[in-house]
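Keep in mind that what you see is a predicted model, and the values were worked out from it rather than measured. Chain A is the first sequence line, chain B the second, and so forth, proteins listed ahead of strands; every chain is numbered from 1.
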2 protein chains.
Amino acid sequence: MELEQLAECYKAMADKTRLNILALLRHEELCVCELVEILQMTQPSISQHLRKLKQAKLVKERRNSQWIFYSIDGEIYPFIKENLEALPDMSEKIEQLKVSGGKVCC
Amino acid sequence: MELEQLAECYKAMADKTRLNILALLRHEELCVCELVEILQMTQPSISQHLRKLKQAKLVKERRNSQWIFYSIDGEIYPFIKENLEALPDMSEKIEQLKVSGGKVCC
DNA sequence: ATGCTATATAAACATATGGTTATATACTAA
DNA sequence: TTAGTATATAACCATATGTTTATATAGCAT
């Protein structure tokens, strides 16, 4: 692959918050407000991280009325599967979101 | 794996120069002066990049008299093989080095 | 020892990155 | 239309990163 594209990919993954987002999206697609709730960060911050991931083609978005759902993409990277598998399991966080009713908004 | 460690790995790979170094080391171990010659960058710059790669455990070093040879490590990362395979082929650069006599010094 | 080569480290600086606050946009509901 | 919610973008600022120049360290050769 092109070094340019690879560098963009790794740059996008070179941040704990974005790795957390990818780890969460491995379980299921999520909208911005859910990520804000789970990661306890401000909405603009989450949005900016998502933009970087999207630019690197690591996630894709889908609009559903007022919500925008993000999910894993990365199909341009031959190694994406192995890299995602190395991420920690986030089922607990996802569960917490559902229990706390954070899932209601979407 | 720990997010901390993964982030360090991707940070180390999030730079074109360092990806170039990894791509070159895939072919064979190289010393600093050879990398300086191939990449046409200053020695301190190369040394600092190597330090980051070493800290992330992506390369290891071996001293041989006054030269320090760097080679691929990355065994702590389950995905390392697939990621290295995505790097562009550098045989041409390695050939050039040998032809130009740059290989003589080491 | 002395000088030479290879490499590492430090200091300084410009640029990139990530967070915050404020504002704009897009959609929904009334 | 107006108000409310979800998201994106912009401006600002503090910190991180990469490059350069200068200097220190380590090993070799004489």
Figure out the [atom1]/[atom2] separation between [X] and [N], and round it to whole Å.
{"X": "N64(A)", "N": "dA26(C)", "atom1": "CG", "atom2": "P", "result": "18 Å"}
{"X": "R63(A)", "N": "dC27(C)", "atom1": "CZ", "atom2": "C1'", "result": "6 Å"}
{"X": "I46(A)", "N": "dT17(C)", "atom1": "CD1", "atom2": "C1'", "result": "16 Å"}
{"X": "M13(A)", "N": "dG18(C)", "atom1": "CE", "atom2": "P", "result": "14 Å"}
{"X": "D15(B)", "N": "dT15(C)", "atom1": "CG", "atom2": "P", "result": "17 Å"}
{"X": "R62(A)", "N": "dC27(C)", "atom1": "CZ", "atom2": "C1'", "result": "15 Å"}
{"X": "W67(B)", "N": "dA6(C)", "atom1": "CH2", "atom2": "P", "result": "7 Å"}
{"X": "K16(A)", "N": "dT17(C)", "atom1": "NZ", "atom2": "C1'", "result": "16 Å"}

**Report entry** Nucleotide nearest Q48(A) (side chain, heavy atoms from C-beta), chosen from dT20(C), dA6(D), dA8(D)
**Finding:**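 The answer is dT20(C).
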Query - Nucleotide of dA6(D), dC27(C), dT19(D) approaching S65(A) most closely (side-chain heavy atoms) - result: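 The listed nucleotide nearest to S65(A)'s side chain is dC27(C).
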Report task. Identify the two heavy atoms, one from E8(A) and one from Q55(A), that lie closest to each other, and give their separation to 0.1 Å. Result ->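 For E8(A) and Q55(A), the tightest heavy-atom pair comes out as OE2-O, 3.3 Å.
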Query raised in the report: Shortest non-hydrogen contact from N83(A) to N83(B)?
Result: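 So the two residues come closest at OD1-ND2, 2.7 Å.
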Query raised in the report: Given that P44(A) and E61(B) both sit by DNA chain C, which one's nearest nucleotide is further toward the 5' end?
Result: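 The residue closer to the strand's 5' end, by nearest nucleotide, is E61(B).
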**Report entry** Comparing S45(A) and Q66(A) on DNA chain C - which has the more 5′ nearest nucleotide
**Finding:**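 Looking at DNA chain C, the more 5' nearest nucleotide goes with S45(A).
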Strictly below 4.0 Å: does [X] bring a side-chain N or O up to OP1 or OP2 of [N]?
{"X": "Y70(B)", "N": "dA8(C)", "value": "yes"}
{"X": "K52(B)", "N": "dG18(D)", "value": "yes"}
{"X": "H49(B)", "N": "dT17(D)", "value": "no"}
{"X": "R18(B)", "N": "dG18(D)", "value": "yes"}
{"X": "T42(A)", "N": "dG19(C)", "value": "no"}

Query raised in the report: Is any N or O donor-acceptor pair between the side chain of Q43(A) and the base of dA8(D) shorter than 3.5 Å?
Result: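 Result: at least one qualifying N/O pair found.
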Report task. Tell me, with the steps shown, if E95(A) and S91(A) meet side chain to side chain donor-acceptor pair (under 3.5 Å). Result -> CA-CA 6 Å; E95(A) 269 318 301; S91(A) 1; over 6 Å; no
Query raised in the report: So do the side chains of L53(B) and D73(B) get within less than 4.5 Å of each other, counting heavy atoms only?
Result: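 Sidechains of D73(B) and L53(B): no contact.
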Requested in this report: Look at atom CD of E75(B) and say whether more than 12 heavy atoms of other residues, nucleotides or ligands are closer to it than 6.0 Å.
Outcome: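 No, CD of E75(B) has 12 or fewer neighbouring heavy atoms, counting only those of other groups under 6.0 Å.
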